[in-house]
Amino acid sequence: MLQALMSMAAYPFREIEKKWQTYWESKKTFRTPVDVDTTKPKYYVLDMFPYPSGAGLHVGHPEGYTATDIVARYKRMCGFNVLHPIGWDAFGLPAEQYALRTGTHPRITTERNINRFRQQLQSLGFSYDWDREVDTTDPNYFKWTQWIFLKLLERGLAYEAKVPVWWCEELGTTLANEEVVDGKSDIGGHPCERRMLRQWVLRITHYAERLLEGLDHTDWPQSTKEMQRNWIGRSQGAEIDFAVKGLESPLIRVYTTRPDTIFGATYMVLAPEHPLVEQITTKDQLPEVHHYQLLASRKSDLERTELQKNKTGVFTGAFVMNPATQGEIPIWIADYVLSSYGTGAIMGVPGQDERDWAFAAKYDLPIVRTVQPPADFTGFAYTGDGPAINSGFLNGLSISEAKEKIIEWLEKDGVGTRKVNYKLRDWLFSRQRYWGEPIPVVFEDEQVCSLPENALPITLPELEEFKPSGTPEGPLALAEDWIITTNPDSGKAARRETNTMPQWAGSCWYFLRYIDPHNSECLVDSELEKYWMPVDLYIGGAEHAVLHLLYARFWHMVLYDAGVVSTPEPFAKLVHQGMILGELEYTGWKNHETNQWVSSEYVALGKHIETDVHLEAILIHQDQVIKDGENFVLKDAPHIQLDVRAHKMSKSRGNVINPDDIITQYGADAFRLYEMFMGPLEQVKPWSTRGVHGTFRFLNRVWRLITDQPLSDQEPNRTQLRLLHQCIDRVTSDIEALRMNTAIASLMEFTNAAFKWKELPRKIVEPFLLLLSPFAPHLCEELWEWIGHEESLAYMSWPDVQQEHLKEDMVDLPVQVNGRVRATIRVAMDADQKEVIESALDEPNVVRFLEGKPPKREIYVPGRILNLVSG
RNA sequence: GCCGGGAUGGCGAAAUUGGUAUACGCAACGGACUUAAAAUCCGUUGGCCGCAAGGCCGUGCGGGUUCGAGUCCCGCUCCCGGUACCA
């Protein structure tokens, strides 16, 4: 009964949404034919495709997906050919781990999850072209991922190298850096060791400069470009050779960005792993040096950086000559110097480097300032600019002048060269996993042989078990039948590569496959590629700011060089949607023993900061909370401050919102609308289920507005036309700028106004429904049909703004005296200054504040403001 | 530490880019309808003073530029994200 009444009150969104989803699917409304009319402009709107996890869609997915869907629907109505696809980034660890626990093949799990995701996305009414769905685990897809690998190999961009990886004997597997803590496995706490293993590596460093430079030509968030720049980490400096005392060779080469400070180099440090350590260390120092090397090798990268405050090192007993001063300086080894950057050796310049200062201070090494700090400088190492001192022929020069001069000198003397360095490392591309793309090579007599294109795809063998193989080769090593093969080129016996590709591989190029998803001849037809690329708008999470977006750009540049694609950069414009947090929470802290509240200013990490007593966090309803100055406090106990915060959604916190529940209760349209209405797309914002209720209410109002009475066939009046065209104007520019929140506000304002009209002209309602349709497509399709249309509105023309309707004849003009509003007067929009001032001076309040005197100065901005300045 | 982004009502947020600060929505309060509740509709809502007209204060803090500053400039504070021995 209650249910019946409620559904009577609300518009029948369940039936409507189901009806239109079925309609779009059966009519293939959003199919983009392969043979589109390429004389029309194109728009490629891309979502970061999801990893189909077992947990299903979370509320973060539809945020970006709704934004792109609105743009796609809008662009279609503007006459563009729109490419708006979706797919699945389905290789990855969770399915493999699930397989380990349950014995279910990852293929089964993946398929199940994909079906769930597809159904969820369809229930949101997204206008994807489902005929172009891609799945990275589909052999017809990863055939081309493997093909690209062959291209990389062919171009010398993939190579094998022995690189250190964490190996856990007990677990019989290699582990990622993050899985190893304190030299022990994160799971189980088994001892791990660094092993040098043969791994595939991609030469992304070859593209460092171009990856950096290409950023200048993209419309991407500043922060993301900056993160990529930092990741690539270009620096300019010099490499300098130091001669070891008493040895003809070898020379020790250091890299520095501050060659100008060489006169202050009072010692040298090698990384503990530096290959020359063994050779130069004196007999006396050898035991100590070996001990230090051993300790350093056990530390994980994380630990090495965590211990940065406390520098350690050991003297090798050897000395080098400083080429500038001709003085002897000692050689140390210390783990604050990384073997993987620069040359793995530095010159220690404590006067101008904070780390070197700390090291020198600890081990009592000499400190020489080579840049004059300002008089008021009170710190230790001085890294700022200033004139060079204690630096011979460099004295008096600024840093940049001194750098130039010293590099010239080094190069002339043959002891150094100008050098650019990058932090970017080559990309470790092997994984010892089952659920990934097999690497398309075989080994014949230990020699790598790439497989011919017609051997692709190399599919995964069926395994009974997914346990680690117990050797560093990964689970595929157990598939003996699969491993043993012949090299198709030579016909001789060969073994397959048992490592697989990392999860990033499939997502590096998926946007290309959407263009031509069923092509069995090539990765993508080049004519189609030329038409559709680059991606015009790419929306996805900021968590991919570096890795995915850098790897994809790298592969794309390689494909560009190989002539497969026509643009060097794949994504013209990129936007990150902000994370959606849980509902705002008010938390009070209570001492469990005494049952008394503790004000939040005394709480840190769930404990009382003075007594260290563990406190209980209690969620408090908003009604019990009041704001007192800066703080929120308990209404009944105003001296008790509360914590107010929206937290990241998490299972453990219990604040996860399931999209399915919201759709069931309010419908997809209200859900979409709410996610867009919350605030600016890029911003982090807290969820509010009451807010969904608000957009749901709005949609109900629209429903009633149009269904409660028949439309009028009368010509709209001037006000109606003005409000409509203002709405068209704002919604159009807001969608273009992805300001969905203010577009919706405009649509609401229009609806509020229309509710007050006695008659509703058809000529107003029709454009309004078109404006609303990208946001709430189901409702608008239904109402479009209701008012007498037989065809979907998906391809109706987007309404045009007519400038003449935007103008208002009369405005309420604020009149200021000395910059403060004292009256508003109703004047013609284009009234001239003289008459505006005259009518302003009729206002008693204006006269009062002018104290009867004529204004000294008048500023008039027609339609905006009149400001009178008194004497 | 460094890089990037922020700070506006009880809450999410607007502000035509220097021109009436708080649009739109949520919450709250008052009213209508109802046996009642839900739903819906109407109204009020930054603070202080005032019967009112109106006034004063107000966009994290302190200065400045300007007829006029949320917006521009200088100096801070705090919050969020990223990153960190990269020589």
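Because the structure is a prediction, the values reported are computed rather than measured. Quick note on labels: first sequence line is chain A, next is B, and so on, each numbered from 1.
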**Asked** When all nucleic acid strands are considered with a 4.0 Å heavy-atom cut-off, which category describes Arg697(A): base, sugar-phosphate, or nothing?
**Response** sugar-phosphate

**Message:** At 4.0 Å (heavy atoms only), tell me whether Asn421(A) reaches a base, stays on the sugar-phosphate, or touches nothing.
**Reply:** nothing

**Request:** Look at the side chain of Phe677(A) and decide which nucleotide, out of rC80(B), rC85(B), rG25(B), has an atom nearest to it.
**Result:** rG25(B)

**Whether Tyr666(A) side chain and Asp669(A) backbone form a donor-acceptor pair below 3.5 Å** = no

**Prompt:** Is it true that Arg848(A) and Glu843(A) make a salt bridge, defined as a side-chain N closer than 4.0 Å to a carboxylate O?
**Reply:** no

**Prompt:** Which value, in whole Å, describes the distance between the P atoms of nucleotides rG10(B) and rG60(B)?
**Reply:** 13 Å

**Request:** Apply the side-chain hydrogen bond (donor to acceptor under 3.5 Å, both in side chains) test between Thr312(A) and each candidate in Tyr336(A), Tyr292(A), Tyr363(A); give the one that qualifies.
**Result:** Tyr292(A)

**Request:** Considering just the side-chain nitrogens and oxygens of Arg857(A), establish if one lies under 4.0 Å of OP1 or OP2 belonging to rC67(B).
**Result:** yes

**Message:** Does the structure show a Watson-Crick or G-U wobble partner for rU16(B), both distances under 3.5 Å? Name it, or say none.
**Reply:** none

**Message:** I want to check one thing: is the phosphate of rG9(B), taken as OP1 and OP2, less than 4.0 Å away from some side-chain N or O of Lys627(A)?
**Reply:** no

**Asked** Does Arg258(A) pair with Asp260(A) as a salt bridge, N-O distance under 4.0 Å?
**Response** yes

**Asked** Paired with rU59(B): which nucleotide, if any, by Watson-Crick or G-U wobble criteria at under 3.5 Å for both distances?
**Response** none

**Asked** Distance check: side-chain N/O of Asn845(A) vs OP1/OP2 of rG55(B), anything under 4.0 Å?
**Response** yes

**Asked** What distance, rounded to whole Å, do you find between the two P atoms, one in rA15(B) and one in rC67(B)?
**Response** 27 Å

**Message:** Roughly how many Å apart are rC26(B) and rG9(B), using the C1' atom of each and rounding to a whole number?
**Reply:** 13 Å

**Asked** Under 4.0 angstrom, heavy atoms only, what part of the nucleic acid is Ser235(A) near: base, sugar-phosphate, or nothing?
**Response** sugar-phosphate

**Asked** Mind checking who rG4(B) pairs with, Watson-Crick or G-U wobble, both distances under 3.5 Å?
**Response** rC80(B)

**Asked** The side chain of Phe632(A) lies closest to which of these nucleotides: rC80(B), rC11(B), rC24(B)?
**Response** rC11(B)

**Asked** If you measure from the P atom in rA28(B) to the same atom in rA37(B), how many Å do you get, rounded?
**Response** 15 Å

**Message:** So Lys423(A), base contact, sugar-phosphate only, or nothing? Heavy-atom distance under 4.0 Å.
**Reply:** base

**Request:** Indicate, with a heavy-atom threshold strictly under 4.0 Å, whether Gly233(A) touches base, sugar-phosphate, or nothing.
**Result:** nothing

**Request:** Classify the side chain of Arg864(A) and the base of rU16(B) as holding, or not holding, a donor-acceptor pair under 3.5 Å.
**Result:** yes

**Asked** Under a 3.5 Å cut-off for both distances, is rC72(B) Watson-Crick or wobble paired, and to whom?
**Response** rG64(B)

**Item:** Contact under 4.0 Å: Asn230(A) side-chain N or O vs rA84(B) OP1/OP2
**Value:** no

**Polar side-chain contact Lys856(A)-rC67(B) base: donor and acceptor under 3.5 Å** = no

**Message:** Regarding Glu682(A), tell me which of base, sugar-phosphate or nothing describes its non-hydrogen contacts under 4.0 Å with the strands shown.
**Reply:** nothing

**Message:** Quick check for you: among rA87(B), rC85(B), rC11(B), whose closest atom lies nearest to any side-chain atom of Thr257(A)?
**Reply:** rA87(B)

**Asked** Which part of the nucleic acid, if any, lies within reach of Pro680(A) when heavy atoms closer than 4.0 Å are counted: base, sugar-phosphate only, or nothing?
**Response** sugar-phosphate

**Asked** If you look at every strand shown and take non-hydrogen atoms under 4.0 Å, does Phe849(A) touch a base, only sugar-phosphate, or nothing?
**Response** sugar-phosphate

**Torsion-based syn/anti label for rG60(B), 90° from 0 as limit** = anti

**Message:** Between Glu239(A) and Arg418(A), does any side-chain N to carboxylate O distance fall below 4.0 Å?
**Reply:** no

**Asked** If we take the P atom in both rA27(B) and rA39(B), what is their distance in whole Å?
**Response** 9 Å

**Request:** Counting heavy atoms from C-beta on, name the nucleotide in rU16(B), rG54(B), rU20(B) closest to the side chain of Pro814(A).
**Result:** rU20(B)

**Request:** Inspect the contact between Arg229(A) and Asp216(A) and indicate whether a charged nitrogen and a carboxylate oxygen are less than 4.0 angstrom apart.
**Result:** yes

**Message:** At less than 4.0 Å, is any side-chain N or O atom of Gln816(A) found next to OP1 or OP2 of rU20(B)? Yes or no.
**Reply:** no

**Message:** Between Ile744(A) and Gln222(A), which residue's closest nucleotide on RNA chain B lies nearer the 5′ terminus?
**Reply:** Gln222(A)

**Asked** Does Arg822(A) make a side-chain N or O approach to OP1 or OP2 of rG55(B) shorter than 4.0 Å?
**Response** yes

**Asked** If pairing requires Watson-Crick or G-U wobble contacts with both distances under 3.5 Å, which nucleotide is the partner of rU44(B)?
**Response** rA28(B)

**Asked** So what does Arg820(A) touch, heavy atoms closer than 4.0 Å: a base, only the sugar-phosphate, or nothing?
**Response** sugar-phosphate

**Prompt:** What does Arg848(A) touch in the nucleic acid at a heavy-atom separation under 4.0 angstrom: a base, only the sugar-phosphate, or nothing?
**Reply:** sugar-phosphate

**Prompt:** What nucleic acid atoms does Tyr674(A) come within less than 4.0 Å of, heavy atoms only: base, sugar-phosphate, or nothing?
**Reply:** nothing

**Message:** Given rC41(B), rU16(B), rG12(B), identify the nucleotide with an atom nearest to the side chain of Arg704(A).
**Reply:** rC41(B)

**Message:** Please pick, from rC26(B), rG12(B), rA87(B), the nucleotide with the shortest atom-to-atom distance to any side-chain atom of Thr256(A).
**Reply:** rA87(B)

**Request:** Identify whether any heavy atom of Glu226(A) sits under 4.0 Å from a base atom; if not, whether one sits that close to sugar-phosphate; answer base, sugar-phosphate or nothing.
**Result:** sugar-phosphate

**Item:** Touch class at under 4.0 angstrom, heavy-atom based, for Asp812(A) against every strand present
**Value:** base

**Prompt:** Asp356(A) side chain to Gly351(A) main-chain N or O, any donor-acceptor pair under 3.5 Å?
**Reply:** no

**Message:** Taking the P atom in each of rC74(B) and rU20(B), what is the distance between them to the nearest angstrom?
**Reply:** 25 Å

**Item:** Electrostatic pair Glu209(A):Arg234(A) at N-O distance under 4.0 angstrom
**Value:** yes

**First encountered from the 5' end of RNA chain B, between Met748(A) and Val861(A)** = Val861(A)

**Prompt:** Should rU35(B) be called syn or anti, with syn set as within 90° of 0?
**Reply:** anti

**Asked** Does Arg253(A) make a cation-pi contact with Phe242(A) (under 6.0 Å, within 45 degrees of the axis)?
**Response** no

**Asked** Considering only side-chain heavy atoms of Glu749(A), which listed nucleotide, rA23(B), rA14(B), rG19(B), is closest?
**Response** rA23(B)

**Asked** Can you tell which of rC67(B), rA39(B), rA23(B) lies closest to the side chain of His693(A)?
**Response** rA39(B)

**Asked** Using the P atom in both, what is the distance from rG18(B) to rC73(B), to the nearest Å?
**Response** 11 Å

**Asked** From rG82(B), rC85(B), rA27(B), pick the nucleotide closest to the side chain of Arg690(A)?
**Response** rA27(B)

